[in-house]
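A note on names: the letters A, B, ... follow the listed sequences, proteins ahead of strands, and every chain is numbered from 1. The analysis underlying the following values was restricted to heavy atoms, covering all of them including side chains, and did not include hydrogens, waters or symmetry mates.
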Number of protein chains: 2
Amino acid sequence: MPEPEPRVPLTRDRVLHAAVALADNQGLGSVTMRRLAEAVGAEAMSLYYHVANKEDVLDGLTTVIAREINDTVDKLDLPAHGANWKNAVRHRILSAREVLLRHPWAPSVFETRTTTSPEVLKYYDGLLALMRAGGFSYDLAHHALHALGSRALGFTQELFDPSTGPTTPEETAAILANLADNLPHLAAMMADIVHNDPTSTLGWCDDKAEFEFGLDLILNGLDGLRDSF
Amino acid sequence: MPEPEPRVPLTRDRVLHAAVALADNQGLGSVTMRRLAEAVGAEAMSLYYHVANKEDVLDGLTTVIAREINDTVDKLDLPAHGANWKNAVRHRILSAREVLLRHPWAPSVFETRTTTSPEVLKYYDGLLALMRAGGFSYDLAHHALHALGSRALGFTQELFDPSTGPTTPEETAAILANLADNLPHLAAMMADIVHNDPTSTLGWCDDKAEFEFGLDLILNGLDGLRDSF
DNA sequence: ACCTGAACACCGTTCAAGT
DNA sequence: ACCTGAACACCGTTCAAGT
């Protein structure tokens, strides 16, 4: 019996959860209709009975992840009235981020969706509730959602890629030397960071600390606008 | 003579500029090796002589666009010393954004790169120069780049998609009614925005105003940290 | 040095056919 | 109602062959 449970019938839900598992284990690139069918013990064409097409699978992926986020943040229940709004929003967003860390492929799926899953809207509705409790006007809350952008869901678009940086000090030194000619400020900045923290590798940054820095910058700015906007 | 200039020999540069034109006119999805070859009057396989593979084409795309951005912002030459840093950075970023508006496909290409083009690094180096002139420590400047994220280059990841919203007031009303049950705050926010600005369509937002709101929030926050970080 | 034709291993998707 | 086999129109890419 090589096939795992060939009896249990196919379901949209079973297809989507298999897709999440596939993406978690093998990466998003391996989520093809054919391989997804294989993972679920069926032929590629059988999927189309439960799912409109591949776009629908990707939409479903965001719904599953957003539901996981909502299940997590709904348990928080922090006080949000008045000045507490900031702490409540902060924890909500950092909790969402922890879910996404378990599904590293998820941000790129969220980014490519052209339609917003109701489950994501529900997440936003919860965020809005916290801001309203903090005294935000709807207008300010609206601006806030835009200002947070993908950060509201717990991820940011980093344009340096840390993972491609060099690893040995020799490589680091060589790169800094090359940089110094054409990119003096970048070279100086990296040299300075290496100096301050010799254990840091060039190009590597503490993602969590950077995420929180940017998040707090925005939240503090919004806090200052609460009464006047 | 149906072919346009079959004489002029193929070049990496000619390939990349043809790819930009193709993406501009037909969308990023139509940038395939086969169609790109056709646009340039050759066979698909000829491209591989000037370009490593498709990833290389996409990397090249970001280089071309980043160069266009650099050509634009290098002309600005605004004073950046002291408190002027903010205005200089602001204009630099808004100018970058205007270039990207001419190439709406570019953000999604930047997002998928795993390596950073030297031309992009040059752009960052210029940003760093302005911050340094404003009195930033390297440490703060580093945090600032992370906090700005893709906004430094002039784009943000919006998670609502405005373009898929309804267009008629009737549809708007219907959607708001449905929303009100499960998403009370979202519904109220949208109703409020519609009320404040009857010409606005549900889901449509002034991208430029929202971009500037978020940008200013971050820049103002950074300004407050200039002397203490 | 530069370009190409034929071929390979993949995609997503349709459609008629099976149970 | 649910699943499938064969087929179609595409991909990116290799490789031996042309000039």
>> Just the rounded figure in Å: distance from C1' of C:dG5 to CD of B:E38.
In response: 17 Å
> Salt bridge between A:E55 and A:R113, side-chain N to carboxylate O under 4.0 Å?
Replying inline: yes
> In whole angstrom, what separates B:E43's CD from D:dT19's C1'?
Replying inline: 15 Å
>> Without decimals, in angstroms, what is the distance between A:L10 CG and C:dT19 P?
In response: 19 Å
> How many Å lie between CG on A:L36 and P on C:dC11, as a whole number?
Replying inline: 12 Å
>> Within the 4.0 Å heavy-atom criterion, would you say A:M45 contacts the bases, only the backbone, or no part of the nucleic acid?
In response: base
> For A:A52 and A:G29, take the nucleotide of DNA chain C holding the closest heavy atom to each; which residue's nucleotide lies nearer the 5' end?
Replying inline: A:G29
> C:dT4, C:dG12, D:dC11: which one has an atom nearest the side-chain heavy atoms of B:A42?
Replying inline: C:dT4
> Quick one: B:R14 CZ to C:dC2 C1', roughly how many Å, whole number?
Replying inline: 13 Å
>> Just to verify, what does B:K122 make a side-chain hydrogen bond (donor to acceptor under 3.5 Å, both in side chains) with, not counting sequence neighbours?
In response: B:D74
>> For a quick check of understanding: with a heavy-atom distance under 4.0 Å over all strands, which category does A:T32 fall into, base, sugar-phosphate or nothing?
In response: sugar-phosphate
> Is the NZ or CZ atom of B:R97 both under 6.0 Å from the centre of the six-membered ring of B:F211 and within 45° of that ring's axis?
Replying inline: yes
> So what's D:dT14 paired with, Watson-Crick or G-U wobble, going by both distances under 3.5 Å?
Replying inline: C:dA6
> Counting side-chain heavy atoms from C-beta on, which of D:dC3, C:dC11, D:dG5 comes nearest to A:R35?
Replying inline: C:dC11
> For C:dA1, does either OP1 or OP2 sit under 4.0 Å from a side-chain N or O belonging to B:H50?
Replying inline: no
>> Can you tell me which nucleotide in C:dC3, D:dG12, D:dC3 comes closest to the side chain of B:R34?
In response: D:dG12
> Of all the nucleotides listed (D:dT13, C:dT13, C:dA1), which has the minimum atom distance to the side chain of B:Y49?
Replying inline: C:dA1
> Taking for each residue the nucleotide of DNA chain D with the nearest heavy atom, is it B:Y48 or A:L47 whose nucleotide lies nearer the 5' end?
Replying inline: A:L47
>> Test of understanding: with ring-ring contact (aromatic ring centres under 6.0 Å, His included), list the residues that count as partners of A:H103, not counting sequence neighbours.
In response: A:W105
> Does B:Y138 offer a backbone N or O that forms a donor-acceptor pair with the side chain of B:H142 under 3.5 Å?
Replying inline: no
